[in-house]
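Naming: A, B, ... by sequence-line order, numbering from 1 per chain.
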Number of protein chains: 2
Amino acid sequence: MAVSSPPTLQDIARALGLSVTTVSRALAGYSDVAPATRERVRQMARKMGYRPHAWARRLRQRRTDTLGFIIPTHGPRFSDPFFSEFLAGIGNEAAQHDYDLLVSTHGPGQREIDAYERMVAERRVDGFLLVRTRVDDPRVRFLLAHQVPFVTFGRTQAENAHPWVDVDGEAGLYALTQLCLQHGHRRIAYIGAPPDLMHARHRLAGYRRALADAGVPQNPAWVQVGDLTEESGYRAAQVLLRLRPRPTALLAANDLMALGALAAVHEAGLQVGKDVAVAGFDDVPLAAHTQPPLTTVHQPIYDIGRRIVAMLIALLRGQPLPQQQVLLQPRLVVRASCP
Amino acid sequence: MAVSSPPTLQDIARALGLSVTTVSRALAGYSDVAPATRERVRQMARKMGYRPHAWARRLRQRRTDTLGFIIPTHGPRFSDPFFSEFLAGIGNEAAQHDYDLLVSTHGPGQREIDAYERMVAERRVDGFLLVRTRVDDPRVRFLLAHQVPFVTFGRTQAENAHPWVDVDGEAGLYALTQLCLQHGHRRIAYIGAPPDLMHARHRLAGYRRALADAGVPQNPAWVQVGDLTEESGYRAAQVLLRLRPRPTALLAANDLMALGALAAVHEAGLQVGKDVAVAGFDDVPLAAHTQPPLTTVHQPIYDIGRRIVAMLIALLRGQPLPQQQVLLQPRLVVRASCP
DNA sequence: TTCACCATCCAAAACGATTTGGAAGCGCTT
DNA sequence: AAGCGCTTCCAAATCGTTTTGGATGGTGAA
């Protein structure tokens with residue numbers, strides 16, 4: 001026998017002298033197939049190595065069993081430990097429910113929506129996962145307008161319009177700032193994220209509220225904005241360290257920028273943890289191994305990935321969600337960089 | 001008009017009083033459609049917002065226009081800056097050629113092949129991308145046996161049996177070791193990768209060859225094996241730093257382990273770059289911002305991703321590959337950690 | 001005997017595209 | 001007027017499933 005294409009329902013039906021219908025229904029476990037027949041079909045299917053053709057099935061069922069995830073990249077040289085962990089989470093959860101994950105990459109901008117539009121129009125996916133939400137997020141607007149199901153990691157302006165999971169960044173930065181205050185710091189600087197990102201707002205608000213609650217005066221010069229890369233954290237820290245009087249603590253909106261800040265502090269001949277405290281947000285695996293180890297706010301990225309996928313699949317299957325919106329409380333991880 | 005499902009060829013045909021065939025062929029640009037008709041069809045298609053149904057088309061064409069990429073995760077808390085950059089590369093190149101990227105995650109082990117088997121048997125993908133190749137790689141064996149096209153990042157035992165792109169790790173570690181030798185180091189230790197990984201062999205070989213060429217005696221105790229995480233680099237470095245006489249240089253098989261080593265050196269009260277030199281491999285973005293900045297070997301991950309996808313697509317389209325196997329020469333990036 | 005009622009099976013119609021193998025109409029030559 | 005070649009169009013088959021709406025034959029009750 002020559003190398004042949006994989007067996008179809010047809011082939012099984014022919015081999016057993018049955019109809020395609022019966023074979024299909026036998027394998028699907030319908031009750032209008034005699035038990036003996038069902039068994040014969042099952043055996044033959046196994047023997048012939050039958051596997052259903054994914055697309056034929058999906059075409060007929062008018063579902064894709066596929067989730068879309070478009071990674072919001074910046075430059076080509078983009079690298080964020082966040083995404084690998086998140087991908088592991090959504091990948092595993094999706095696989096567990098027999099869903100495929102269609103992944104693409106696209107930076108914010110004009111053509112960004114086209115990438116979503118294409119997947120929706122060509123019926124490639126049943127729903128989307130969104131991360132790095134922006135305050136007025138065009139992706140959210142588009143998906144809402146087209147009634148495409150989606151779940152986001154992070155809130156948006158339209159808080160009640162869609163399901164999301166988020167970590168309470170305000171509480172995180174409140175705790176971080178409070179930690180510094182308790183250690184006597186009064187000149188606490190903040191390296192924030194681009195203000196169009198939703199989490200930038202919350203984290204900045206947490207920082208401000210902690211200072212306000214403690215009655216500590218705020219200095220606009222102590223708040224810098226970075227773009228979440230090490231490089232931008234490095235530069236922002238350089239600026240802050242040149243101020244007089246110099247801030248004694250640098251809080252960053254994420255760990256990568258905090259790592260950049262660490263480098264800047266070292267370079268300025270200052271000692272991290274003694275002369276200047278530094279802290280971040282995310283608790284990337286690396287944070288435990290910097291010099292000194294980085295104080296930060298832990299986000300359970302992997303679990304959030306799983307959770308978001310589980311929510312989206314429930315949504316697609318019409319199952320009720322116990323919670324449409326989930327706000328997780330972050331955990332402060334105190335290490336030597338900000339004791 | 002109620003919210004209706006997206007228009008099909010049928011709808012266009014009905015609207016114009018044409019057959020589905022003609023509409024299909026008009027849109028596909030066949031020459032057996034009158035120019036005037038073609039134009040009418042095009043206009044109507046645009047007006048109705050017609051988009052071809054991806055699966056229907058693929059079912060008929062018996063192609064998937066989809067590439068499979070299964071991320072080899074270790075634990076759930078896996079995080080490697082490598083993957084985000086690689087994903088950006090393969091994602092962008094695939095999109096450019098109108099290919100989809102089906103992503104899944106799976107750790108090495110028994111069920112690993114099942115993930116591939118499933119995608120192949122259910123005809124979900126046309127071919128695969130493989131990374132983190134192992135010496136005797138079960139994925140390679142499986143795909144070769146089933147005649148599924150694939151391209152790997154990294155060589156395997158079966159060097160000539162499949163197309164690959166790789167960075168010459170032996171040359172990289174040769175250069176790195178030579179750099180240390182030139183600076184007078186004689187006790188150069190190496191923190192290697194798991195020996196089942198193909199690149200572990202090459203890099204270790206480069207280290208050994210450089211020492212041999214220089215006539216420097218080798219000490220088995222100076223070669224440790226890590227698992228590519230910061231944590232393992234940290235531990236391995238601790239072991240190495242306790243040896244007497246102490247090695248004066250620590251070379252690691254990747255940057256993450258080198259970062260761990262940096263931490264261990266600091267913790268031992270030694271000064272990196274003065275008392276002990278440290279170097280890595282990969283040139284992750286972070287490497288430029290460690291304390292001190294990390295000497296390393298640069299790998300153009302993003303470009304390699306693009307290149308691998310381009311090769312796979314050429315393969316799928318039956319186009320001849322100019323080069324079945326591509327060995328790139330790495331670039332040494334000298335920074336302060338190993339001056 | 002007749003009829004209802006199961007249990008079991010199946011033909012045919014989807015799903016939405018592409019491809020095959022003509023058919024119809026027209027102009028031109030002979 | 002017949003034959004040929006072109007242009008332009010289309011009906012039907014096809015990809016591999018699922019689903020719909022019966023068909024068939026046997027059993028038991030009336």
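A:Thr133 places a side-chain N or O within donor-acceptor distance of the main-chain N or O of A:Arg155, the cut-off being under 3.5 Å. When atom types are taken as modelled, the side chain of B:Thr64 and the backbone of B:Asp126 share a donor-acceptor pair closer than 3.5 angstrom.
Closest of all the heavy-atom pairs between B:Pro6 and B:Asp11 is O-OD2, 4.2 Å. Shortest non-hydrogen contact noted between A:Ile70 and A:Ala115 is CD1-CB, 3.8 Å.
Within 3.5 Å, no donor on the side chain of A:Thr22 pairs with an acceptor on the base of C:dT8, nor the reverse. Taking only distance into account, the side chain of A:Arg60 never meets the base of D:dT17 through a donor-acceptor pair shorter than 3.5 Å.
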Inset, instruction - Could you please spell out the steps behind the side chain to side chain contact (heavy atoms under 4.5 Å, CB included) verdict for B:Arg62 and B:Arg123? - result: CA-CA 9 Å; B:Arg62 321 199 69 185; B:Arg123 276 79 99 215; over 6 Å; no

Inset, instruction - Run the numbers on A:Asp65 and B:Arg124 for salt bridge (Lys or Arg N to Asp or Glu O under 4.0 Å), then give the verdict. - result: CA-CA 12 Å; A:Asp65 291 334; B:Arg124 285 187 218 255; over 6 Å; no

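Put simply, CG on A:Leu9 is 13 Å from P on D:dC15, counting in whole angstrom units. Following rounding to the nearest Å, A:Ile12 (CD1) and D:dT18 (P) show an atom-to-atom distance of 11 Å. Whole-Å rounding puts the B:Arg57 CZ to C:dA17 C1' distance at 8 Å. In this structure, A:Arg62 places its CZ atom 17 Å from C1' of D:dG16, rounding to the nearest Å. At whole-Å resolution of the value, CZ in A:Arg63 and P in C:dA14 are 21 Å apart. Here the C1' atom of nucleotide C:dC10 and the CG atom of A:Leu16 are 15 Å apart, to the nearest Å. Summarising the geometry, the separation between NE2 on A:His53 and C1' on C:dC15 is reported as 14 Å, rounded to the nearest angstrom. Atom CZ of A:Arg58 is separated from atom C1' of C:dG16 by 16 Å (rounded to the nearest Å).
Of the candidates C:dA11, C:dC15, D:dC10, the closest approach to any side-chain atom of A:Thr21 belongs to C:dA11. For A:Ala56, counting side-chain heavy atoms from C-beta on, the closest listed nucleotide (C:dG16, D:dG16, C:dA12) is D:dG16. Among D:dC10, C:dT18, D:dT17, the nucleotide with an atom closest to any side-chain atom of B:Ser19 is D:dC10. With C:dA17, D:dT17, D:dG16 as the candidates, the nucleotide lying closest to the side chain of B:Leu59 is D:dG16.
Looking at heavy-atom distances under 4.0 Å, B:Thr8 makes contact with sugar-phosphate atoms alone, never a base.
Under 3.5 Å, the side chains of A:Tyr302 and A:Asn92 contain a donor-acceptor pair of N or O atoms.
Annotation: side chain of B:Tyr99 is in contact with side chain of B:Leu316 (closest heavy-atom distance under 4.5 Å).
Contacts between residues 26-42 of chain B and DNA chain C, defined by a heavy-atom separation under 4.0 Å, are made by B:Tyr30.
For the pair B:Arg25 and B:Pro52, nearest-nucleotide mapping onto DNA chain C gives the more 5' position to B:Pro52.
Taking side-chain N and O atoms only, B:Gln61 has a distance below 4.0 Å to OP1 or OP2 of C:dT19.
The ring pair (Phe, Tyr, Trp, His ring centres under 6.0 Å) search around A:His146 returns A:Phe142, not counting sequence neighbours.
Taking the six-membered ring for Trp and thresholds of 30 and 60 degrees, A:Phe86 and A:Phe153 have nearly parallel ring planes, at less than 30 degrees apart.
The overall bend of the helix from C:dT1-D:dA30 to C:dT30-D:dA1, read as the angle between its terminal helix axes built from five base pairs each, is 80° when rounded to 10 degrees.
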